[in-house]
Q: 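What follows is a structure written as structure tokens; I'll ask about it next.
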Amino acid sequence: MSDEKTLAERLRERGISRRGFMKFCAATASMMALPPMMIPKIAAALEQAKRPSVIWLSFQECTGCTESLTRSHAPTIEGLIFDHISLDYHHTLQAAAGDAAEHAREAAMKDNWGKYLLVVDGSIPLKDDGVYSTIAGITNLAMLREVAEGAAAIVSVGTCAAFGGLPKADPNPTGAAAVSEIISGKPIVNVPGCPPIPTVITGVLAHFLTFGKLPELDNLNRPKVFYGESIHDRCYRRAFYERGQFAESFDDEGAREGWCLFKLGCKGPVTYNACATTRWNEGTSFPIASGHGCIGCSEPGFWDKGGFYDALSKGTHDSAEGIALAAGVGAAIGVAAAMGARVRQARADNKEDA
Amino acid sequence: MSGLDSIPVRVEGGPSQDFRTDNLQPVLVQLQQAVEHLLAAGEETTIDLGAMPFSERDEADLRERLGVGEVAATLDAFGPTRIEETRFAGVWLIEHQDAEQRRLTLHLHVARVPEILCAPIDDIADGLAVLRAMNLNLPDS
């Protein structure tokens, strides 16, 4: 259950000094893609941040999103923030089962009505009154509606909760739907990815803790700080794209030299996510750095957009953007995109500041 | 021979990381402006090198151009932090690592002294309380 201790007090109890706390804030700012000059403001806000109650509902999903968040090595920034929230219901992680688990959810809802954060992973089956996925005899649809009613905000974690994901892939046998297709009148933030980067999940939670509100969102309700730029814009291989240097197969000289993977099906130009900068496994790498193109997993309907190894120039069901990009391959668009992105982040910063 | 050794796979190494992203020059221009701003207005600047595509080669080039200055310090709080002044006074490279020595951030910091090196007031007050308690408990001479 939530209590009155602040995040700063909790870190201090764990033996993390003031300098350690400032370092934590520097890493948190970097994680949230905020300019470093925000660090003192983040420190001031996190010092006062109380422990929020979080109810996590898992529906038609593979548990990959939970694995993504919890498989990081401790102690990490993600771990410290995850430890700070009061995770009052999560049927994979909690010790309680059966009636005891459902009572815990009901108690958390009652005690924190109107204030708790609802996290959802997985899509919700609508076909045949939602009978294809139930928890404790309650359909996902009924549970989502009940818990969403008392939530301060909803975080749809993973492409399934955000856009329907794999369960919604053609022919969508269960009538899978995204949270935002069912719930209205509540702030909903989509954190797509299959799975999302753990740092991005906790970055959204950290933003909620820091500013007491959800971050600024794009037209698909994704936080702009993480999804504001395409993978292509932030890719370290962008310079090869500009020079017209492309790998033609996975074992040619271009592949070995780290050239652009556009012709091998990379969906980076039409995919918005933070993989290229935040990276995976504590910042170690991301698919393109490992020699594989982006599959576009943070975009709606990515399963049904053609082959993962087909170049965007071949065309997908709805990718006019890809065709336009193909026409422009090799054109000098300018690698100053990264610096431009920083200007846009600074503007976002100013909005937070206002 | 272990089970893995018996697998006939020859590893040739992953994709090359030995390239430049063209982002070094904009960073150096931004750094120059930050130093000018420190001298003119006394205000500090931090550039997050993790917020943009910046390859290992870029970082090596940056370190080569900035050189090594007179001051280097290691901070041990929530994992190690390496703070190094470059040959340009007031230009610092600060690398925060976690407890398992994985990089959290790499910042170029422009300031007379990085704030994180200064003893925090709260910690000074805590230390003073401990000192007073120690002195109270000193045996009479």
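A, B, ... follow the sequence lines: proteins, then strands. Residue 1 opens every chain.
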Q: With a 4.5 angstrom heavy-atom cut-off, could you sort out which part of Q97(B) is near chain A: side chain, backbone, both or neither?
A: backbone
Q: Looking at OH of Y236(A) and CD of E56(B), how far apart are the two atoms once the value is rounded to the nearest 0.5 Å?
A: 10.0 Å
Q: Around E36(B), counting heavy atoms of other residues, nucleotides and ligands shown, do more than 12 lie under 6.0 Å from its CD?
A: yes
Q: With side chain to side chain contact (heavy atoms under 4.5 Å, CB included) as the test, would you mind laying out the steps for I39(A) and H107(B) before giving the verdict?
A: CA-CA 12 Å; I39(A) 293 169; H107(B) 287 167; 4.2 Å; yes
Q: Heavy atoms only, distances under 4.5 angstrom: which of A274(A), A29(A), G20(A) has the most pairs with chain B? Name it, please.
A: G20(A)
Q: Which answer fits H109(B), side chain, backbone, both or neither, if we ask what part of it has an atom under 4.5 Å from a heavy atom of chain A?
A: neither
Q: Only one of I121(B), D123(B), D126(B), I124(B) clears side chain to side chain contact (heavy atoms under 4.5 Å, CB included) with R18(A); which?
A: D123(B)
Q: I'd like to know whether CZ of R63(B) has more than 12 heavy-atom contacts from other residues, nucleotides or ligands below 6.0 angstrom.
A: yes
Q: Heavy-atom distance under 4.5 Å to chain A: side chain of I94(B), backbone, both or neither?
A: neither
Q: Show your reasoning for whether side chain to side chain contact (heavy atoms under 4.5 Å, CB included) applies to K23(A) and T81(B).
A: CA-CA 9 Å; K23(A) 181 172 167 176; T81(B) 292; 2.8 Å; yes
Q: State the CE-CD distance between M37(A) and E43(B), to the nearest 0.5 angstrom.
A: 7.5 Å
Q: Determine the minimum heavy-atom distance between T105(B) and S30(A), stating which atoms define it.
A: CG2-CB, 3.5 Å
Q: With only heavy atoms counted, which part of F21(A) is less than 4.5 Å from chain B, the side chain, the backbone, both or neither?
A: neither
Q: Salt bridge or not between R19(A) and D122(B)? Use side-chain N to carboxylate O under 4.0 Å.
A: no
Q: Which heavy-atom pair separates A239(A) from T21(B) by the least distance, and what is that distance?
A: CB-O, 4.4 Å
Q: Against chain A, label D58(B) side chain, backbone, both or neither, depending on which of its atoms sit under 4.5 Å from a heavy atom there.
A: neither
Q: Checking heavy atoms, do the side chain of A26(A), its backbone, both or neither come under 4.5 Å from chain B?
A: both
